[in-house]
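Numbers restart at 1 for each chain; the letters A, B, ... are given by sequence-line order, proteins then strands. The shown structure was predicted, so the numbers you read here are calculated from the model rather than taken from an experiment.
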Number of protein chains: 2
Amino acid sequence: MRVRLEDVARAASVSPKTVSRVLNDEANVSDATRQRVRAAMEAMDYRPLPSARSLAGNRSFLVAMLYDNNDNPASTYLAEIQDGVLEACDSHRYSMMMRPLRMRGDDFVRRLDALIADHHPDGVVLTPPITDYAPLLKRLRERGIPYASVSPMSRADNIGVHMDEQLASRTMVEHLLALGHRRIAHVSGISDHGASGWRLAGYREAMAAAGLAEDPALVVQGAFTFASGVAAARQLFALKQRPTAVFAANDDMASGVMWAAHEAGLRVPQDLSVGGFDDIPLASQLWPALTTIRQPSREMGRMAALQLLEVLRGRGDAQMMQMPFSLEVRDSTAPVA
Amino acid sequence: MRVRLEDVARAASVSPKTVSRVLNDEANVSDATRQRVRAAMEAMDYRPLPSARSLAGNRSFLVAMLYDNNDNPASTYLAEIQDGVLEACDSHRYSMMMRPLRMRGDDFVRRLDALIADHHPDGVVLTPPITDYAPLLKRLRERGIPYASVSPMSRADNIGVHMDEQLASRTMVEHLLALGHRRIAHVSGISDHGASGWRLAGYREAMAAAGLAEDPALVVQGAFTFASGVAAARQLFALKQRPTAVFAANDDMASGVMWAAHEAGLRVPQDLSVGGFDDIPLASQLWPALTTIRQPSREMGRMAALQLLEVLRGRGDAQMMQMPFSLEVRDSTAPVA
DNA sequence: GACACAGATGACAGCGCTGTCAATGCGCAA
DNA sequence: TTGCGCATTGACAGCGCTGTCATCTGTGTC
């Protein structure tokens, strides 16, 4: 019925072990033999049985993608990363599994242990904001489970992908400054997300470089959600001197700001310019279409997973890769009135 | 190091086979023994090794969720279903795997075969629109792989979940009729999606019930995407007698209609009412917030997976479940001017 | 009291691979 | 020519479970 490794071995006139060697790209197989075995595998359409490989070889060929489903409201951003990770895993015949893990809550590490005990992933892809949660990283190291991170806070001792969020953020603010805005507000994200800090830092950097003293009233704390964007904007609009532009730390909050602007009867971009970050599909579907920072989420997921797979496959050359961003100027920003 | 089944057996003074029976909820174990074994498993925090179970038992404890990533542009709808499926699988200690499968393209069935050969899922969850692709279903039956569907076209001989989309659609149109609208347009979805047909049928049913003859110019074909919604709306707005209300077959297209309305200088809802379908997060983030049909996607994914798991676990009582919908009246619909 | 029978339990082999280690063959130096 | 070392290959056991089948026990029947 099913073609087994033994069948391939017989067809290629070698021992099962040799077929196993070829299958796993091990050294010490002559080229002639290797080719013969490959041909036999091909001809018979041989597919190794994952469970047998795992049991005997003590690895699972499984990559788990960890995400926080608490601070990430049904995020398109995550879906895109997932898509990239899946593609990378597929290309190396690894399987991929999603693991929601709430960062709030003390059973965080316990849930990680359960994941390991139940599924034995060979490696793990970490997505924001759990790229930087120390107890988690510590446990992964203890267990000897390699991981790659998407946009981690610290780049040292870490593989995965990374974007210069601070520069991206600064670029957005400079765009607003170039349009003549001076009273530029910032709606920041949840404080323990690395992204929040960088984006805020980029905002401050640009403002300072323009010689503008920081007005604390113009920096409002949000939570990366639409609702928090609405709330932050209402607060900003209530100021005696309201901002002429708002830069929100992600698109969901930016859409909240636009919503609140409509509510307050402010026209975007005539009365208020709005900038976002991420370029999720929503950004182009808003009216007016949102000016934002585009990050290649799918590609970031893919590259992070590929870095991880390099490690899993015993190649040593994995690293932290820098990914490009771009400023997408659309219709939500305009010269100050 | 790791606790094996044999260790539990020793602790409970029974044979390994008996522990296996308890683990798999098999019959013919006395209650006393069962409890003793359960206690031992608990005390030792025993976790069966999936690969060993799979290898010996010839099943994978794996459920694959199939989706079409061609017609579903990074859809939040799918992400929600996935979340529900994942929860259900977790609760029964099954693992879950995502499989994108392009319906267009002739290698469709071949890719399914590859999935089976490579991963051996015990069962499959089908999401729209691949719930009704005959060659796929045929192959799954041939291979003896049970499947459950989310919103399949045909409910016969099928397990999973289902919503009365036609009634939901009719409810939306009746809402518009009740507001006094008569020239109500419909932007339909891709024709080989079951949902498109039902939603169109519900529209027609409501219009006919209101005694309105169908105006073919008011029914425009879309493709479930934002861009197709924009295009359809432009076409509708160009009509000598433009509609006073548009019901789009999903929220992405509805957001496209609103976008085009803004573009054309039409105020929503004063000059044009707009209705959608799905209630994705976007719906509440638009200005004005979109009136739409809410379907419990997450719950639908969860229930469909649970039905499938009943079959996989040998219970015979799986079925096609009807899920409720609700009309979410927000700010994009108003009485006709 | 003898027998049949169903429920409860265990012995044992084996699922399809890989790790370990031994065996083989070959080139090259002395 | 002999011997040594390295590259190549294979024999064999075993990973941690479950399927099959045999065995044992207690109960009901006549």
message = I'd like to know if the side chain of B:Ser60 reaches the main chain of B:Asp122, judged simply by a donor and an acceptor atom lying under 3.5 Å from each other, with no hydrogens or angles considered.
response = yes
ask   = Between B:Gln82 and A:Gln82, is any side-chain donor less than 3.5 angstrom from a side-chain acceptor?
value = yes
request  = Using a 4.0 Å heavy-atom cut-off across all strands, classify B:Asn58 as base, sugar-phosphate, or nothing.
outcome  = nothing
request  = Would you tell me whether A:Ser54 and A:Ser51 have side-chain atoms, one donor and one acceptor, within less than 3.5 Å of each other?
outcome  = no
query = Hey, which of these two, B:Ala56 or B:Arg34, hits DNA chain C nearer its 5' end, going by closest nucleotide?
reply = B:Arg34
request  = Provide the closest heavy-atom pair for A:Asn158 versus A:Tyr147 in the form atom of the first, atom of the second, distance.
outcome  = ND2-CE1, 3.2 Å
key: Residues within residues 35-55 of chain A bordering DNA chain D, heavy-atom distance below 4.0 Å   = A:Leu55
note = Residues A:Asp68 and A:Pro129: closest non-hydrogen pair is CB-CD, 3.8 Å
query = Hey, can you pull the residues of residues 26-33 of chain B with a non-hydrogen atom under 4.0 angstrom from DNA chain C?
reply = B:Asn28, B:Val29, B:Ser30, B:Thr33
Check: A:His92 and A:Leu306 side chains under 4.5 Å, non-hydrogen atoms = yes
request  = Map B:Pro16 and A:Pro16 onto DNA chain C by nearest heavy atom, then report which one ends up closer to the 5' terminus.
outcome  = B:Pro16
ask   = Do you know the tightest heavy-atom contact between A:His120 and B:Leu49?
value = NE2-CD1, 3.5 Å
key: Heavy-atom contact window of chain B on DNA chain C, given 5' to 3' at under 4.0 Å   = C:dG7 to C:dG16
request  = Decide whether a cation-pi geometry holds between B:Arg53 and B:Phe61; the criteria are a distance under 6.0 Å from NZ or CZ to the six-membered ring centre and an angle within 45° of the ring axis.
outcome  = yes
task = State, with a plain yes or no, whether a side-chain heavy atom of A:Asn69 is found less than 4.5 Å away from one of A:Arg102.
result = yes
request  = Establish, yes or no, whether the cationic atom of A:Arg99 lies under 6.0 Å from the six-membered ring centre of A:Tyr67 and within 45° of the ring axis.
outcome  = no
